[in-house]
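One structure is given below, encoded as structure tokens.
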Amino acid sequence: DKGGHKHYMAKEIAEQPHVIAEAIRHYLPVGDDMVHLPGDGIDFTKVQRLTMVACGTAYYACLTAKYWFEKIARLPVEVDVASEFRYREPPITEGTLALFVSQSGETADTLAALRFCQDKADKIVSVVNVPESSIARESDLALPIYAGVEIGVASTKAFTCQLAVLLMLALKAANDRGEISAEDLADHVSGLRGLPNTLNTALEQNDAIQQAAQHLSEARDVLFLGRGVMYPLAHEGALKLKEISYIHAEAYASGELKHGPIALIDQHMPVVVLAPRDALFDKTVSNMQEVMARKGKVLLVSDKDGLDEARDGTWITIQMPPIMENLTPILYSIPAQLLAYHTAVAKGTDVDQPRNLAKSVTVE
Ligand code: F6R
């Protein structure tokens with residue numbers, strides 16, 4: 001049942017305010033500003049290092065979480081794609097918490113990486129959508145994301161629910177380790193609780209994004225730029241566009257552009273810039289101006305303040321509501337997903353069943 005939508009992917013994008021509210025309610029029960037974990041939970045005072053492993057979209061959720069765990073909880077984090085992890089034979093030292101993120105809970109490489117850690121890490125934790133899955137069952141602690149069944153092959157609501165759960169986990173780590181003030185914690189909690197509303201506001205940009213996608217669908221290649229906590233989302237935006245529209249897309253940290261990829265820029269190259277008005281915004285704007293000076297077409301996604309400051313010379317703009325910096329990757333997932341979705345629809349591809357892809361990758 002597509003609930004009146006043309007594709008499961010559209011339905012699953014639209015469901016995000018609702019499922020994220022579910023996820024938040026499970027970890028942050030109403031009336032309590034402490035993050036609660038199921039079962040024995042995790043005592044982060046004993047954790048010295050976090051090793052995160054996943055594939056594809058779940059890997060980009062881990063890369064985003066690295067910014068949170070390091071910045072908010074001051075906990076060192078390593079992130080690996082599962083297919084590389086165990087062949088590198090990484091040393092797993094005492095005090096290591098191994099964290100595996102998987103929507104299906106059946107991804108062969110992620111499961112193999114989990115088994116590699118089983119007698120080495122202090123604790124094996126997974127963030128999964130399917131609680132009966134192999135990865136959930138073989139973990140010491142499984143943290144469900146409550147996204148509900150995801151049918152579209154391209155992951156959308158599972159990604160944002162993974163992000164929400166990982167952010168709450170980072171807040172728990174920060175609190176256990178005494179790295180966050182009560183005030184800062186309360187700000188994050190109220191930000192999270194307000195998130196479903198903010199996501200609804202972002203979804204109202206659907207028509208504007210659909211129009212932008214008409215133009216994007218004519219491109220052969222697209223670049224995505226982001227920095228800081230938005231950099232992993234640039235990768236996720238590029239992956240989403242590749243997998244369902246078959247347009248070649250790549251992501252770079254905004255500051256890396258001048259170290260090579262700027263050579264690609266000409267009037268045929270759309271550059272999607274995911275840039276809320278944050279502390280690094282001015283630097284992103286100067287990267288963006290380098291693109292425009294070479295006739296690159298900038299599609300800027302920002303908030304009102306950002307657009308007021310940097311709209312001049314851009315090709316297309318999409319406005320997002322303002323939100324605290326640590327929540328921007330969750331909010332800006334909406335335009336990234338909708339842009340890929342509408343571009344694919346404009347190209348007439350099979351959005352829910354893209355060629356060569358399977359929902360669950362159970363071979364290594
Ligand atoms: C992208 C996508 C894949 C999966 C990856 C991991 O839209 O769906 O990149 O994210 O295959 O799958 P799970 O999360 O099931 O381990």
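Position 1 is the first residue of the sequence, and the numbers go up from there. Each ligand, and each atom within it, is numbered from 1 in the order the structure gives. All heavy atoms count here, side chains included; hydrogens, waters and symmetry mates do not.
When only non-hydrogen protein atoms are considered, atom 6 (C) of ligand 1 lies nearest to Cys55 O, 3.3 Å. Among all protein heavy atoms, the one lying closest to atom 12 (O) of ligand 1 is Thr107 OG1, 3.5 Å. The protein heavy atom nearest to atom 14 (O) of ligand 1 is Gln103 N, 2.6 Å. Among protein heavy atoms, atom 11 (O) of ligand 1 sits closest to Val361 CG2, 4.2 Å. Of all protein heavy atoms, the one lying nearest to atom 15 (O) of ligand 1 is Ser104 OG, 2.7 Å.
The shortest separation from a heavy atom of Ser360 to ligand 1 is not under 4.0 Å, leaving the residue out of contact. Within the structure, ligand 1 lacks Glu106 among the residues with a heavy atom less than 4.0 angstrom away.
Classification of Lys66 and Glu78 as a salt-bridged pair fails, no side-chain N sitting under 4.0 Å from a carboxylate O. Glu290 has no carboxylate O lying under 4.0 Å from a charged side-chain N of Arg294, or vice versa, which leaves the two without a salt bridge.
With a 4.0 Å cut-off on non-hydrogen atoms, Lys359 does not touch ligand 1 at all.
Judged by the 6.0 Å distance and 45° axis criteria, Lys242 is not positioned over the aromatic ring of Tyr246.
Heavy-atom neighbours of Asp32 CG from other residues, nucleotides or ligands within 6.0 Å: above the threshold of 12.
Within ligand 1, counting atoms from 1 as listed, the ones closer than 4.0 Å to a heavy atom of Ala154 are 7 (O). Atom numbering of ligand 1 starts at 1 in the shown order; those under 4.0 Å from a heavy atom of Lys240 are 1 (C), 7 (O). Atoms of ligand 1 lying under 4.0 Å from any heavy atom of Ser155, numbered from 1 in the order shown and given with element: 7 (O), 8 (O). Close contacts of ligand 1 with Val153, meaning ligand atoms under 4.0 Å from a residue heavy atom, involve 8 (O). Close contacts between ligand 1 and Ala58 involve ligand atoms 10 (O), 14 (O) [criterion: under 4.0 Å to a heavy atom]. Remark: ligand 1 atoms within the under-4.0 Å shell around heavy atoms of Gly56 are 9 (O).
Heavy atoms only, all atoms of each residue included: Lys11 and His5 are closest at CA-CD2, 3.5 Å.
When Glu12, His18, Glu15 are each tested for a side chain to side chain donor-acceptor pair (under 3.5 Å) with Lys157, only one passes: Glu15.
The side-chain heavy atoms of Leu264 and Asp221, taken from C-beta on, include no pair separated by under 4.5 Å. The closest side-chain heavy-atom distance from Trp315 to Leu300 is not below 4.5 Å.
Of the N and O atoms on the side chains of Thr57 and Lys240, at least one donor lies less than 3.5 Å from an acceptor on the other residue. Side-chain atoms of Arg277 and Ser302 form no donor-acceptor pair, as typed in the model, at a separation below 3.5 Å.
Taking distance alone, with nitrogen or oxygen atoms compared against 3.5 Å, Glu243 approaches ligand 1 more closely than that limit. Remark: ligand 1 and Thr57 share an N or O pair separated by less than 3.5 Å (distance only, no angle test).
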